[in-house]
**Q** 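Before I ask anything, let me first share the structure, which is written out below as structure tokens.
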Protein chains: 2
Amino acid sequence: MPHTVIEVSRSTLKRLPLYLHVLEDLHRQKQEYISCTALALKFDFGSIQVRKDLEVTGAEGTAKIGFRISDLIRNIKTFLGWHNVQDAFLVGAGNLGKALLGYRDFDLYGLNIVAVFDKDPAKIGTRIFDKEVMPVEKMPGLAARMHVNIGIVAVSAIAAQEVVNVMVASGIRAVWNFAPAPLEIPQGIILENARLTQSLAVLSNKLKCLLEEETKESVPCPM
Amino acid sequence: MPHTVIEVSRSTLKRLPLYLHVLEDLHRQKQEYISCTALALKFDFGSIQVRKDLEVTGAEGTAKIGFRISDLIRNIKTFLGWHNVQDAFLVGAGNLGKALLGYRDFDLYGLNIVAVFDKDPAKIGTRIFDKEVMPVEKMPGLAARMHVNIGIVAVSAIAAQEVVNVMVASGIRAVWNFAPAPLEIPQGIILENARLTQSLAVLSNKLKCLLEEETKESVPCPM
DNA sequence: TCTTAATCGATATAATTCTATCGATAAAAC
DNA sequence: GTTTTATCGATAGAATTATATCGATTAAGA
Ligand SMILES: NC(=O)c1ccc[n+]([C@@H]2O[C@H](COP(=O)([O-])OP(=O)(O)OC[C@H]3O[C@@H](n4cnc5c(N)ncnc54)[C@H](O)[C@@H]3O)[C@@H](O)[C@H]2O)c1
Ligand SMILES: NC(=O)c1ccc[n+]([C@@H]2O[C@H](COP(=O)([O-])OP(=O)(O)OC[C@H]3O[C@@H](n4cnc5c(N)ncnc54)[C@H](O)[C@@H]3O)[C@@H](O)[C@H]2O)c1
């Protein structure tokens with residue numbers, strides 16, 4: 001029997017953590033069930049969207065009462081791979097790198113930063129959130145030994161490609177990139193860009209439209 | 001004559017900063033022109049996509065040689081509203097807040113953080129990247145006086161709604177939210193969520209599929 | 001017990017977004 | 001000077017994604 005490939009859109013994938021956060025909140029408040037209708041109220045999209053998204057995780061609801069929250073949480077986490085926390089290397093102990101190191105909730109999102117690397121001699125050897133900053137040269141050896149699959153790029157754009165190359169050579173399977181540069185990566189390695197500027201671009205454009213609309217009146221701006 | 005409303009998709013808006021970064025890089029290297037074909041090589045989508053995106057900014061190219069890079073940069077920045085830098089307030093002087101304060105490139109992206117607020121008495125009065133942390137109570141007065149339109153939320157999820165409410169009451173027009181909580185906001189105010197976990201979710205899911213595919217062989221996983 | 005109302009699950013339709021095609025144009029090659 | 005090639009700009013078509021509809025199901029109320 002041919003195992004049918006379930007197509008999961010990127011959009012759906014990106015909505016799942018939104019649901020998860022709300023669901024964990026409700027779970028802490030001891031609520032047991034929720035309907036798609038109720039869940040959708042928290043967002044600016046509809047209940048059908050929510051139901052369709054939850055469907056891909058294999059969740060099953062009951063008519064009239066909805067879904068069991070604990071089931072949904074488990075299903076979403078399993079679907080995303082967040083039930084098993086993955087170890088990760090972080091390269092770049094700068095402003096952003098420090099923030100990521102200090103983020104307490106990554107374990108909820110399946111991520112555990114186990115080591116930090118930098119190339120600045122002034123930073124190497126110092127400790128940030130109880131982790132020693134190591135020279136990049138140590139990465140290949142450690143990656144193999146510790147079976148680390150995820151590499152986080154938090155260096156300047158100019159250095160990003162070089163860092164990724166080292167990561168790939170070290171056996172890293174997935175790269176989470178915070179630098180604004182487009183990176184080249186061999187086939188079979190996962191690359192995901194976390195670009196703040198994308199989000200900022202949407203905000204800026206909307207604000208520009210809003211402000212323009214106010215000064216010159218009757219300037220149409222799509223919202 | 002009816003001014004036709006140009007529909008700009010969110011997807012297009014989010015790709016524009018990607019182009020911008022590459023273009024500014026090429027500009028520094030004194031390259032004068034680029035074709036959509038060449039630009040698209042940097043990304044995992046095609047040249048037609050690039051051309052269609054650039055079109056919305058009003059850019060005009062020349063057959064055989066492509067677009068003048070300086071024109072493209074100007075057009076994109078104008079379209080996003082990044083040619084005029086907007087002042088912004090940041091609330092939450094924690095790990096992430098500090099990283100944002102220390103980010104040198106925001107001026108390139110039309111953003112200038114002019115003040116920082118927190119509610120922790122231990123932090124109030126301290127200086128971070130040469131900016132004094134102020135109590136949240138001071139925001140309403142300052143916002144009106146300084147005509148600040150953008151508010152950045154970098155507090156814990158539990159406090160985010162409360163902070164946004166103060167921002168809105170202070171006359172903030174656009175909110176850039178880093179907390180994972182869904183926020184309620186009145187009609188007419190812009191809300192943009194910068195959620196790292198969305199990006200992480202895509203990465204995690206892909207990695208999970210990759211790893212599963214390896215252990216049990218012949219498990220199909222959509223990529 | 002029977003009716004009502006809310007919700008799920010599946011299917012169908014609509015909207016959006018991406019990709020391909022083709023003539024026009026401008027530079028380069030011949 | 002003519003041909004060739006690369007690219008733009010516009011339009012048409014395909015694919016993807018979001019939304020609506022409808023019967024089935026289950027709990028609650030009459
Ligand atoms: N700070 C932010 O809020 C923010 C926001 C969005 C994007 N980013 C991006 O994240 C990246 C880091 O930003 P930042 O503000 O932390 O910069 P930063 O300058 O504070 O830190 C960069 C760190 O990377 C290290 N580094 C540079 N080249 C290296 C190399 N080849 N190998 C190892 N380490 C190297 C530096 O020594 C430094 O410690 C940049 O690409 C930036 O554009 C930052
Ligand atoms: N650190 C990261 O890398 C990271 C990544 C993704 C998302 N986030 C999100 O960003 C937010 C901040 O994260 P963080 O790591 O900086 O947390 P943090 O605890 O280091 O900082 C939070 C800051 O907000 C302040 N604060 C709390 N309630 C406040 C209120 N009502 N008014 C004013 N200030 C208040 C606290 O005093 C503290 O200084 C969180 O919602 C977190 O989920 C952080």
Side-chain angles (χ1 to χ4, degrees), chain A residues 4-16 18-19 22-23 26 31-72 75-76 79 198 201-202 205-206 222-223, chain B residues 4-16 18-19 22-23 26 31-72 75-76 79 198 201-202 205-206 222-223:
Chain A
T4 42
V5 176
I6 314 135
E7 271 304 331
V8 179
S9 78
R10 197 183 160 79
S11 328
T12 291
L13 226 34
K14 287 170 77 177
R15 279 187 297 265
L16 292 177
L18 309 185
Y19 305 142
V22 172
L23 293 168
L26 295 171
Q31 187 175 326
E32 228 183 318
Y33 288 89
I34 191 162
S35 71
C36 292
T37 323
L39 191 49
L41 287 178
K42 303 268 184 180
F43 304 99
D44 58 353
F45 45 83
S47 61
I48 301 150
Q49 180 90 83
V50 175
R51 193 174 312 127
K52 215 170 142 282
D53 288 339
L54 297 179
E55 195 173 78
V56 307
T57 71
E60 282 178 23
T62 320
K64 187 85 178 180
I65 56 169
F67 295 81
R68 184 188 289 271
I69 289 174
S70 57
D71 286 356
L72 285 183
N75 278 358
I76 293 175
F79 187 76
Q198 293 199 329
V202 178
N205 175 261
K206 283 187 191 165
M223 271 275 298
Chain B
T4 42
V5 175
I6 315 136
E7 271 304 332
V8 180
S9 76
R10 200 183 157 79
S11 328
T12 291
L13 226 34
K14 286 169 79 178
R15 278 186 298 265
L16 292 178
L18 309 185
Y19 306 141
V22 172
L23 293 168
L26 295 172
Q31 188 175 325
E32 228 183 318
Y33 287 89
I34 193 164
S35 70
C36 293
T37 322
L39 192 50
L41 287 177
K42 303 267 184 180
F43 305 99
D44 58 353
F45 45 84
S47 60
I48 301 151
Q49 180 89 82
V50 175
R51 194 173 311 127
K52 216 168 142 285
D53 288 339
L54 297 179
E55 195 173 79
V56 306
T57 71
E60 281 177 25
T62 320
K64 187 85 181 183
I65 55 171
F67 296 80
R68 184 189 288 271
I69 289 174
S70 58
D71 286 356
L72 285 182
N75 278 359
I76 293 175
F79 187 77
Q198 293 198 329
V202 178
N205 176 261
K206 283 187 192 166
M223 268 273 299

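Letters go in sequence order (proteins before strands), and every chain restarts at 1.
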**Q** Once side-chain contact (heavy atoms from CB on, under 4.5 Å) is applied, do any residues pair with A/Ser35, and if so which ones, sequence neighbours excluded?
**A**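 For A/Ser35 the side-chain contact (heavy atoms from CB on, under 4.5 Å) partners, ignoring immediate neighbours, are A/Thr37, A/Ala38.
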
**Q** 5' to 3' on DNA chain D, which nucleotides open and close the contacts with chain B (atom under 4.0 Å from a heavy atom)?
**A**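 Both ends considered, the range comes out as D/dT5 to D/dA10.
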
**Q** Roughly how far apart are A/Leu72 CG and A/Leu16 CG, rounded to 0.5 Å?
**A**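 One finds 10.5 Å between CG of A/Leu72 and CG of A/Leu16.
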
**Q** Side chains of B/Leu54 and B/Tyr19: closer than 4.5 Å at any heavy-atom pair?
**A**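 Yes, close enough: below the 4.5 Å cut-off.
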
**Q** To the nearest Å, how far apart are A/Phe67 CZ and C/dA6 P?
**A**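 These atoms are roughly 18 Å apart.
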
**Q** What is the distance from CZ of B/Phe43 to P of C/dT19, rounded to the nearest Å?
**A**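 In whole Å, C/dT19 P lies 14 Å from B/Phe43 CZ.
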
**Q** If you assign B/Glu55 and A/Arg51 each to the DNA chain D nucleotide with the nearest heavy atom, which residue ends up on the more 5' nucleotide?
**A**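 Of the two residues, B/Glu55 wins.
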
**Q** Reckon B/Ser47 touches a base, only the sugar-phosphate, or nothing at all at heavy-atom distances under 4.0 Å?
**A**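 B/Ser47: no heavy atom of the nucleic acid under 4.0 Å.
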
**Q** Over the length of the helix from C/dT1-D/dA30 to C/dC30-D/dG1, how much do the five-pair end axes diverge, rounded to 10 degrees?
**A**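 Inter-axis angle at the ends, rounded: 10°.
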
**Q** Ignoring backbone atoms, test whether A/Thr37 places a side-chain nitrogen or oxygen under 4.0 Å from the OP1 or OP2 oxygen of C/dT7.
**A**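 Yes.
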
**Q** Got a sec, which residues hit side-chain hydrogen bond (donor to acceptor under 3.5 Å, both in side chains) with B/Asp71, two or more places apart in sequence or on another chain?
**A**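 In terms of side-chain hydrogen bond (donor to acceptor under 3.5 Å, both in side chains), with neighbours along the sequence ignored, B/Asp71 is linked to B/Arg74.
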
**Q** Could you name each residue pair satisfying side chain to side chain donor-acceptor pair (under 3.5 Å) that touches residues 38-47 of chain A, not counting sequence neighbours?
**A**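 For residues 38-47 of chain A, and leaving out neighbouring residues, there are no side chain to side chain donor-acceptor pair (under 3.5 Å) pairs at all.
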
**Q** B/Arg15: which residues meet the salt bridge (Lys or Arg N to Asp or Glu O under 4.0 Å) condition with it, sequence neighbours left out?
**A**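 Listed in chain order: B/Asp53.
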
**Q** Would you indicate what A/Thr12 reaches in the nucleic acid, counting non-hydrogen atoms under 4.0 angstrom: base, sugar-phosphate, or nothing?
**A**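 Result for A/Thr12 = nothing.
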
**Q** Using the closest heavy atom to pick a nucleotide of DNA chain C for each, name whichever of B/Ser9 or A/Ile34 lands nearer the 5' end.
**A**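 This one resolves to A/Ile34.
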
**Q** With sequence neighbours left out, write down each residue that passes side-chain hydrogen bond (donor to acceptor under 3.5 Å, both in side chains) with A/Ser9, or none if nothing qualifies.
**A**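 Listed in chain order: A/Thr12.
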
**Q** Could you tell me the separation between the CG atom of A/Leu41 and the C1' atom of C/dT7, rounded to a whole number of Å?
**A**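 For the pair A/Leu41 CG and C/dT7 C1', the rounded distance is 14 Å.
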
**Q** Please list, pair by pair, any protein nitrogen or oxygen found under 3.5 Å from a nitrogen or oxygen in nucleotides 1-5 of chain C.
**A**
unit_1: C/dA5; atom_1: N3; unit_2: A/Lys64; atom_2: NZ; d: 3.2

**Q** Please find the pair of heavy atoms, one from B/Ala40 and one from B/Gly46, that lie closest to each other, and give the distance.
**A**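 It is CB-C, 3.6 Å.
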
**Q** Would you indicate, yes or no, if C/dT17 has its OP1 or OP2 atom less than 4.0 angstrom from a side-chain nitrogen or oxygen of B/Gln49?
**A**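 Answer no for this pair, as no side-chain N or O of B/Gln49 is under 4.0 Å from OP1 or OP2.
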
**Q** Rounding to an integer number of Å, can you tell me how far B/Asp44 CG sits from C/dC18 C1'?
**A**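 Rounded to whole Å, this separation is 13 Å.
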
**Q** Identify, with sequence neighbours excluded, every residue that meets side-chain contact (heavy atoms from CB on, under 4.5 Å) alongside A/Gln31.
**A**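 Here the qualifying residues are A/Leu26, A/Ile34, A/Ile69.
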
**Q** Who are the ring-ring contact (aromatic ring centres under 6.0 Å, His included) partners of B/Phe45, not counting sequence neighbours?
**A**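 ring-ring contact (aromatic ring centres under 6.0 Å, His included) check on B/Phe45 returns B/Phe43.
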
**Q** Side chain of B/Ile48 only, please: which of C/dA20, C/dT25, C/dC8 is the nearest?
**A**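 Ranking C/dA20, C/dT25, C/dC8 by closest atom to the B/Ile48 side chain puts C/dA20 first.
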
**Q** What integer distance in Å separates B/Lys52:NZ from C/dT21:P?
**A**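 Interatomic distance, NZ of B/Lys52 to P of C/dT21: 17 Å.
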
**Q** Would you please name every residue forming a side-chain contact (heavy atoms from CB on, under 4.5 Å) with B/Ala63, sequence neighbours left out?
**A**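 Residues passing side-chain contact (heavy atoms from CB on, under 4.5 Å) with B/Ala63: none at all.
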
**Q** With A/Glu32, which residues qualify under side-chain hydrogen bond (donor to acceptor under 3.5 Å, both in side chains), at least two apart?
**A**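 Scan of A/Glu32 (side-chain hydrogen bond (donor to acceptor under 3.5 Å, both in side chains), adjacent residues dropped) gives A/Arg68.
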
